[in-house]
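Notes for the one structure printed next.
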Amino acid sequence: MWNSICNDSRIGIKKSLLGLRTTATYLPTNSEINIRILELSPDDGKRVTSILNADNGSLEKAIGDFKPKKVDIGNYMLEVCASADGEFVAMQLFQFLQLSYEPITGVKFYEGANAKIIGKIF
């Protein structure tokens with residue numbers, strides 16, 4: 001997912017003087033992007049798959065009152081990149097198959113109101 005973020009024209013990437021820290025910024029609002037990785041249970045992974053496959057018009061309906069439960073070792077892994085102001089969210093879902101996590105969705109980008117809607121899950 002990092003390559004998709006770095007190649008997006010809405011994202012600015014800055015490296016520190018010695019290259020020890022890399023910062024991603026959502027350029028329209030100049031807000032720093034934070035990265036989270038969440039492990040999900042099989043049921044929550046299937047629900048997130050349906051949410052990520054929903055179109056933007058039915059996003060709020062697809063989410064409903066869903067809140068994933070914390071698991072230590074999950075069958076699904078969700079990578080989430082979100083701006084600190086909540087105006088930008090990017091997500092990609094992976095499933096543990098054949099001894100490694102394989103992507104089961106492409107990188108999904110959300111901005112503005114849709115980013116705030118999907119950001120409420122986490």
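Just so it is clear, the model here is predicted, and its values are computed rather than measured.
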Of the non-hydrogen atoms in [X] and [Y], which two are nearest, and what is the gap between them?
X     : Y      : value
Thr25 : Ile33  : C-CD1, 4.1 Å
Ala90 : Val107 : CB-CG1, 4.3 Å
Asp44 : Pro68  : OD2-CA, 3.3 Å
Gly86 : Ala115 : O-CB, 3.4 Å
Ile51 : Tyr110 : O-OH, 4.3 Å
Ser41 : Val71  : N-CG2, 3.8 Å

Item to complete: Take Leu93 and Leu40 through the test side-chain contact (heavy atoms from CB on, under 4.5 Å) and record every step on the way to the result.
Response: CA-CA 10 Å; Leu93 186 64; Leu40 302 171; 3.9 Å; yes
Report whether [X] and [Y] are members of the same hydrophobic cluster (ILVMFWY, side-chain heavy atoms less than 4.5 Å apart, transitive linking).
X     : Y      : value
Tyr26 : Ile35  : yes
Met1  : Ile104 : no
Phe96 : Ile37  : yes
Leu52 : Ile117 : yes
Leu78 : Ile121 : yes

Discussion item. Does Leu97 have more than 12 heavy atoms from other residues, nucleotides or ligands lying within 6.0 Å of its CG?
Written reply: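 Enclosed.
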Please determine if [X] and [Y] form a salt bridge, counting it only when a charged side-chain N lies under 4.0 Å from a carboxylate O.
X      : Y     : answer
Lys116 : Glu87 : yes
Lys70  : Glu39 : no
Arg21  : Glu32 : yes

Contact between [X] and [Y] at the side-chain level, heavy atoms closer than 4.5 Å - yes or no?
X      : Y     : answer
Arg36  : Glu79 : no
Val48  : Leu38 : no
Thr105 : Gln92 : yes

Looking only at the side chains, is there a donor atom on one of [X] and [Y] sitting less than 3.5 Å from an acceptor on the other?
X      : Y      : value
Ser58  : Asp55  : yes
Ser100 : Glu102 : yes
Ser83  : Asp85  : yes

Item to complete: Begin with the C-alpha distance, continue with both residues' side-chain angles, and end with the deciding distance and a verdict on side-chain contact (heavy atoms from CB on, under 4.5 Å) for Leu27 and Ile11.
Response: CA-CA 6 Å; Leu27 296 176; Ile11 308 301; 5.9 Å; no
Discussion item. Quick one, Met91 with Phe109, criterion side-chain contact (heavy atoms from CB on, under 4.5 Å). Give me CA distance, side-chain angles, the key distance, then yes/no.
Written reply: CA-CA 7 Å; Met91 297 182 176; Phe109 295 97; over 6 Å; no
Practice prompt. Let me see the working for Trp2 and Ile13 under side-chain contact (heavy atoms from CB on, under 4.5 Å), right down to the final yes or no.
Written response: CA-CA 11 Å; Trp2 181 245; Ile13 306 294; 4.0 Å; yes
Practice prompt. Answer with yes or no after comparing the ring centroid distance for Tyr101 and Phe94 against a 6.0 Å cut-off, counting only values under it.
Written response: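 No; Phe94 has its ring centre 6.0 Å or more from that of Tyr101.
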Worksheet item: Hey, does the side chain of Arg10 reach the backbone of Glu111 with a donor-acceptor pair shorter than 3.5 angstrom?
Response: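 Side chain of Arg10 to backbone of Glu111: no pair is present.
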